[in-house]
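The structure under discussion appears below in the form of structure tokens.
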Protein chains: 2
Amino acid sequence: MSKPTLTLEDIAQLTGVSAMTVSRVLSGKSGVSEATRRKVLETVQNVGYVPNLNARALAGSRTRVLGMLVPDFSTQYISELARGAGEAAIQAGYELVCYTNSHHPQANFTHVTLITRGLVDGLIVVLPDLSDQQLDALSRINLKLVIVDHRHEVPDVPSIDADNYRGARLMMDHLLSLGHTRIGFISGRPDTRASLERLRGYRESLQLHGLPIDETLIRPGNFLQPEGFTQTQHLLSLLQPPTAIFAANDLMAFGAMDAIRGRGLRIPEDLSVAGFDDIPMSAHLHPGLTTVHQPLSEMGSAATRMLVNLLSGTDIPGPRLELRTELRVRQSTGKAPRGQQTTP
Amino acid sequence: MSKPTLTLEDIAQLTGVSAMTVSRVLSGKSGVSEATRRKVLETVQNVGYVPNLNARALAGSRTRVLGMLVPDFSTQYISELARGAGEAAIQAGYELVCYTNSHHPQANFTHVTLITRGLVDGLIVVLPDLSDQQLDALSRINLKLVIVDHRHEVPDVPSIDADNYRGARLMMDHLLSLGHTRIGFISGRPDTRASLERLRGYRESLQLHGLPIDETLIRPGNFLQPEGFTQTQHLLSLLQPPTAIFAANDLMAFGAMDAIRGRGLRIPEDLSVAGFDDIPMSAHLHPGLTTVHQPLSEMGSAATRMLVNLLSGTDIPGPRLELRTELRVRQSTGKAPRGQQTTP
DNA sequence: CTGAAAGCGCTTACAG
DNA sequence: CTGAAAGCGCTTACAG
């Protein structure tokens, strides 16, 4: 199990060249004859040599590793982002590793500066609930950053987001076109930009269509499934319940569906349900969930590309990139039931 | 943004001691006077010095970082494992980083040996579908390993698993006690030990209760939600459909619930549904899913502890650790409907 | 196209 | 309790 570790020097001696030359071959530098290159690669292959990345990083001051800092791995939302980022990293000749701070008490950020110190060239930060203070700490360390889906823009730090406002408008147009006029809205965490933008889309759509905004139809949520259930129960208990429920994310829409069925109501015949995100599970439900597609994996890969460009000094598209959202109509939304479409 | 990076030497000069002493203080070694220790820590604090981990790793030949190799981040199953492993790592003075090979074409494993070479002290492998060949490659590299939930035991490599057989027996006892005699089973990926053990528990429970095994009630699955839906539709189309469905994991049970409701049947009045895993979402459903609790986060933390012990040379509990599974009865299972309990 | 030297920022023995 | 030296395994200029 513990055979002596091979070094560059070993490969050099075995091949009969200098360590320098081996290094050049392995890092794909030009200026090596095809013959020596082949010889070197052959012995590398034969003995199964793998370079020590710490030494490489220490000497070359870069690791070819990108980090991604996530709140946890518990949602498909995160996993889709990570997938996109990882694929783009490979294509750019980098590796992606994920760190989570969920298991750190008190959202301690020391470990992040510690662990990233020299271990990664750059960091993709996906922490919707990052405090200003923490963000400050992050931007102070000598590390290139790209921020995904944060609460607000951070000066000098490039960021990626989806067009949440437009997505909400698209969904509202869809619901309104189906004849719904009383549409319940369950918001997300109030301290996230995504939630506020989606709510803004909801409100402005109603206004633009000359419809009244009934504040009792707007319920506070938190992006979690149980809250979608609870808030839907509230909405269904209203004297004049909505004919459609628009949840600020898919997970809460799942809770809404359960609450609706728990009352013996049918989806979408009695009540329509819509979400936001389009995580994979939303397409696996029956009825499938009508939702707003966020290009999550594209957001991840865009973040990686931005970061790689930052590292190589290439121009980046801009300080902030907003990707398009799209409507995904499935079976959970349908025409508003007759007799309830009329305004009070 | 790019202030000159501070080194040990800088701290030493600023404090008026040698680099050696600073190193000793920072790595918590004894043999430093309380006064100097305090002085050193003060300047470290003041200037915001963070040690370079690559240099530390290169010189000290350990990184205090553990890696966890996962198929993807898409299921709560993985995230719970990672959470437990991460918490235990912090407690042991380590950091945990996650690698996924999902974004690598053709399940290429080169990157793993590459990336782990020097970057982590040990690796927790959570790849149920790892081929023998890949496993061979992993165990050949100079890296301490712990394997979680693999297809089979690997000689000389410690592993962690849940008691899948016993869990299935517990669930069957529950269903049988409710009067179910025709119980459908949807299996998982046939190349996983977990699936085979759960199926074995299903079969042997029936035998032990003197009940016939009807092979038409056993359907092939793959641990994914859509297949749970499809296979349940098959089961419901039988001339003599089951009164309960036991899916080999929760995700397929979710699909089963949708299929059952799609037929206008009620859960559990008309049909009971049971799963396996007890991922968080199972408790958030309505009705809540009756399932077998796998101590996922405990499995993760046990894996970390095993690995840390391996690294420190401490004895480990044994080559293989099997954690207990438990029955979690929620609302998705109920008494078998009258008139269908009788055997044909 | 190839190589000898210096150095990346730490830690590990070895002295005192 | 404290320090000067050597070295971890690479890469980066600098020569030839």
Side-chain angles (χ1 to χ4, degrees), chain A residues 2-41 44 47-65 113-119 121 141-142, chain B residues 2-41 44 47-65 93 113-119 121 142:
Chain A
S2 207
K3 45 188 174 188
T5 307
L6 289 165
T7 71
L8 250 200
E9 195 60 45
D10 296 328
I11 305 302
Q13 289 189 5
L14 286 170
T15 322
V17 296
S18 73
M20 231 334 339
T21 302
V22 178
S23 170
R24 265 196 276 260
V25 170
L26 291 181
S27 44
K29 294 256 167 63
S30 62
V32 187
S33 77
E34 197 45 41
T36 29
R37 176 184 301 280
R38 212 185 310 253
K39 270 200 299 181
V40 169
L41 288 176
V44 164
V47 300
Y49 166 74
V50 192
N52 180 313
L53 260 42
N54 288 121
R56 190 176 258 187
L58 186 57
S61 63
R62 66 202 188 103
T63 61
R64 293 248 137 202
V65 177
T113 73
L114 251 170
I115 207 168
T116 54
R117 184 64 145 77
L119 295 189
D121 293 344
I141 58 179
N142 264 341
Chain B
S2 207
K3 46 187 173 188
T5 308
L6 290 166
T7 70
L8 248 200
E9 195 59 44
D10 296 327
I11 305 302
Q13 291 188 5
L14 286 170
T15 322
V17 296
S18 73
M20 229 336 338
T21 302
V22 178
S23 169
R24 265 195 277 258
V25 170
L26 290 181
S27 44
K29 293 256 168 64
S30 62
V32 187
S33 78
E34 196 45 40
T36 31
R37 176 184 301 280
R38 212 184 311 250
K39 271 200 298 180
V40 168
L41 288 177
V44 164
V47 299
Y49 165 75
V50 191
N52 180 312
L53 261 41
N54 288 122
R56 192 175 256 187
L58 187 56
S61 62
R62 65 202 188 105
T63 60
R64 292 248 136 203
V65 176
T113 72
L114 251 171
I115 206 169
T116 54
R117 184 63 145 80
L119 295 188
D121 292 344
N142 264 340

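Protein chains get the first letters and strands the later ones, always in sequence-line order, with residue 1 at the start of each.
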Tell me if a side-chain donor or acceptor on [X] pairs with a main-chain N or O of [Y] at a distance below 3.5 Å.
| X | Y | answer |
| --- | --- | --- |
| A/Thr63 | A/Val65 | yes |
| A/Asp121 | A/Arg64 | yes |
| B/Thr7 | B/Glu9 | yes |

Interface limits on DNA chain C, where chain A has a heavy atom under 4.0 Å of a nucleotide atom:
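Counting from the 5' end, contacts occupy C/dC1 to C/dG9.
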Could you walk me through whether A/Leu14 and A/Val47 pass the side chain to side chain contact (heavy atoms under 4.5 Å, CB included) test, one step at a time?
CA-CA 10 Å; A/Leu14 286 170; A/Val47 300; 4.0 Å; yes
Contact nearer the 5' end of DNA chain D, comparing B/Ala59 with A/Met20
B/Ala59
Rounded to the nearest 0.5 angstrom, the CG-CZ distance for B/Asn54 and A/Arg62 is 13.0 Å
Note: for A/Thr21 and B/Gly60 on DNA chain C, the residue whose nearest nucleotide lies more 5' is A/Thr21
Considering only heavy atoms from C-beta outward, does the side chain of A/Leu26 approach that of A/Arg37 to under 4.5 Å?
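Answer no - side chains too far apart.
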Side-chain touch A/Val17/A/Arg24, heavy atoms, less than 4.5 angstrom
no
Intra- and inter-strand pairs of DNA chain D in dot-bracket (Watson-Crick or G-U wobble, both distances under 3.5 Å; | for another strand)
|||.||||||||.|||
Test B/Thr21 against every option in B/Val32, B/Thr15, B/Leu8 by the side-chain contact (heavy atoms from CB on, under 4.5 Å) rule and name the one that passes.
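Testing B/Thr21 for a side-chain contact (heavy atoms from CB on, under 4.5 Å) against B/Val32, B/Thr15, B/Leu8 leaves exactly one candidate, B/Val32.
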